[in-house]
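Indexing begins at 1, ligand by ligand and atom by atom, following the structure's order.
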Amino acid sequence: MKTKFIFITGGVISSLGKGLSASSIGCLMESRGLKVNLIKLDPYINVDPGTMNPLQHGEVYVTDDGAETDLDLGHYERFTSIRVGKKNNFTTGQIYESVITKERQGKYLGGTVQVIPHITNEIKQNILDASQGCDLAIVEVGGTVGDIESLPFLEAIRQMNVDLGRENTSYIHVTLVPFIHTSGELKTKPTQHSVKTLREIGIQPDFLLCRTDREISQDIKSKIGLFCNVQADAVITARDLSHIYEVPLAFHEQGLDDKIAERLNIWTGAPKLDRWKKMVSNLKNPKHEVTIAIVGKYVDLTDSYKSLNEALTHGGIANSTKVKLLFVDAEEIEKEGTEAHLKTADGILVPGGFGNRGTLGKMQAIQYARTKQIPFFGICFGMQIAALEFARNVCGLKDAESREFDRSTKNYVIDLMEEQKSVSQKGGTMRLGSYLCTLKPKTLAKTLYKSSQVAERHRHRYEFNNKYRELFEKKGMVFSGVYEEKNLVEIMEYPDHPWFLGCQFHPEFKSRPLAPHPLFSDFIGASLRASLEKKTKVAPKKSQTRASQKKDLKIRVEQYAVA
Ligand code: GLN
């Protein structure tokens, strides 16, 4: 089958959830048996989001092939079975870089290089390259219609309708229909204006996904359709929902997948959504609840930890448990102490991060988790800080530091690898993407992964310094995962504790709602155990094996659920 294209644009305001809409359509069309792919075009000039502040841009999502991409790519992987890579996300910066390189190489044969056709051709070629081999490519254009910087992208996708034919291309516009409290009405004017702007540049949308906080009546849909030159039944309500994974089901109820198939003349099977529906029902009807404290720096904008939040939710699904997230600013712990911020936590997690700010607070949180036997999960920076805490407070190396902090010491427990020492450029130079991790027998990691080798994604510059491995091991730390080729520590765990594990990679990037990541599932399981122990006041016996602890827990979980 020839590849068909859906182009998704957004209007009125940003943050309308275009990425979620694109992912949900991907989920539905894949459930009908199509091979889908999703592509994100970002109009900003940065070559990739790797150098941007997560507070502005949200999380940087990392792919297997080591691309630092927009966080929407995380949704693409969570809602479908695709594996995204470098080709699935490109920016104005990348497009211009490539056109200018070609110009310097004399590839334009003396021509004047212009936005149309050279930039637009480059955009079209990138879209075509990324969508090779799939039945349906869903292409999301970042930004909002009307922005100056997205114009070349919109022009390129407009041209693709002419190049490929109307039966192969469809346009979906995500827009806002706000409810105005003073008049008690839903307002359609912002949508009318946004579609007008889109039509001025030659794009007529086939479907409108109207973001709203309530149902949109048939009357209003007809009015929107009339003013926007769209059929009333192609005006879809995209209501705020309590869980993002409900979105595909809400679109399906309105027949969106059927209508897209019809519009693009695609013959597909009926959608198979049973597993998805079951997962959503699990999510909406939890039997238990746990509170996980996330101790970090970027806690003001939870988008900075998007994949992490999702992976914790997936861990909750695996345990029929609602996961309440308690975002704790590490600097507040420095000021007010651990007890004030962490006493309600059933599990403590220190996520990835950069720079010195708040590290002391993170270390205090880890010490609190370690000494009070509270489940602890350290991810990337979180593992590095856990290593410093252990070095300082258990191994007696009071001056243990990470080379990242620029403080001179004899004991760089976290250090730079030789090859990183010569790196001067910031963008794209960390240890990025998928690396193999070999697991040590009879460890928690090995038991959870049920495999002796796994591949996980990385994004960091610093590593555990092997000089300190022996000392750590003597004090009871176990290095349960190693990247053998370079002998780098990937996972460390502390068995003299209910659940204490740090990993140098980011497991959150590989967790899916239909396939929760084993480390997250078990961390939530252990936190649930801790929470039930608090409630039922039964502490596990120290000599108990993990298996019997789990069996005990199962009994308590059942008792508690009934009660
Ligand atoms: N700042 C640390 C490093 O570069 C950890 C990075 C991270 O947590 N992703 O090694």
Student: Considering only the protein, which heavy-atom contact is closest to atom 7 (C) of ligand 1, and what is its distance?
Tutor: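 So the nearest neighbour among protein heavy atoms is Cys380 SG, 3.1 Å.
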Student: May I ask you to identify the nearest protein heavy atom to atom 5 (C) of ligand 1, giving residue, atom name and distance to one decimal place in Å?
Tutor: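 Its nearest protein heavy-atom neighbour is Gly353 O, 3.3 Å.
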Student: When you measure from the heavy atoms of His458 to every atom of ligand 1, does any distance fall below 4.0 Å?
Tutor: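 No, that is not the case, since the closest heavy atom of the residue is not under 4.0 Å from the ligand.
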Student: Please identify which of these residues, Lys322, Lys535, Lys534, Lys324, meets the salt bridge (Lys or Arg N to Asp or Glu O under 4.0 Å) condition with Asp346.
Tutor: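 Single salt bridge (Lys or Arg N to Asp or Glu O under 4.0 Å) partner of Asp346 among Lys322, Lys535, Lys534, Lys324: Lys534.
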Student: Is it true that Glu401 and Arg392 make a salt bridge, defined as a side-chain N closer than 4.0 Å to a carboxylate O?
Tutor: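 Salt bridge flag = yes for Arg392 with Glu401.
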Student: Are His75 and Tyr245, when compared by the centres of their aromatic rings, separated by less than 6.0 Å?
Tutor: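 That pair fails the under 6.0 Å test.
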Student: Just jot down the ligand 1 atoms closer than 4.0 angstrom to any heavy atom of His506, in number order.
Tutor: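 Within the 4.0 Å cut-off of His506, ligand 1 contributes 9 (N).
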Student: Tell me the protein heavy atom at minimum distance from atom 10 (O) of ligand 1, and give that distance in Å.
Tutor: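 Atom 10 (O) of ligand 1 sits closest to the protein heavy atom Tyr462 N, 2.8 Å.
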Student: Working to the nearest 0.5 Å, report the span between CG of Leu444 and CZ of Phe523.
Tutor: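 Here the rounded value is 12.0 Å.
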Student: Do any N or O atoms from the side chain of Asn465 and from the backbone of Asp415 form a donor-acceptor pair under 3.5 angstrom?
Tutor: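 Checked: no pair found.
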Student: By number and element, which atoms of ligand 1 are closer than 4.0 Å to a non-hydrogen atom of Glu404?
Tutor: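 Ligand 1 atoms under the 4.0 Å threshold to Glu404: 1 (N), 2 (C), 3 (C).
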Student: Quick one: does Thr321's side chain have a donor or acceptor within less than 3.5 Å of a partner on Asn319's backbone?
Tutor: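 Side chain of Thr321 to backbone of Asn319, a donor-acceptor pair under 3.5 Å: yes, one is there.
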Student: Counting from 1, what ligand 1 atoms have a heavy atom of Arg461 closer than 4.0 Å?
Tutor: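 Ligand 1 atoms under the 4.0 Å threshold to Arg461: 3 (C), 4 (O), 10 (O).
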Student: Taking 4.0 angstrom as the limit and counting only heavy atoms of Arg459, give me the atoms of ligand 1 inside it, by number and element.
Tutor: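 Ligand 1 atoms under the 4.0 Å threshold to Arg459: 6 (C), 7 (C), 9 (N).
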Student: Please indicate whether any nitrogen or oxygen in Met430 is less than 3.5 Å from any nitrogen or oxygen in ligand 1.
Tutor: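 Among all N and O atoms of Met430, none is under 3.5 Å from an N or O of ligand 1.
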Student: Looking only at distances, can you tell me whether any N or O atom of Gly352, backbone or side chain, sits closer than 3.5 Å to an N or O atom of ligand 1?
Tutor: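 Not met; the criterion fails.
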Student: Determine, step by step, whether Ser511 and Glu310 satisfy the side chain to side chain donor-acceptor pair (under 3.5 Å) criterion, reporting the C-alpha distance in whole Å, the side-chain angles of both residues, the deciding distance to 0.1 Å, and the verdict.
Tutor: CA-CA 8 Å; Ser511 188; Glu310 292 309 316; over 6 Å; no
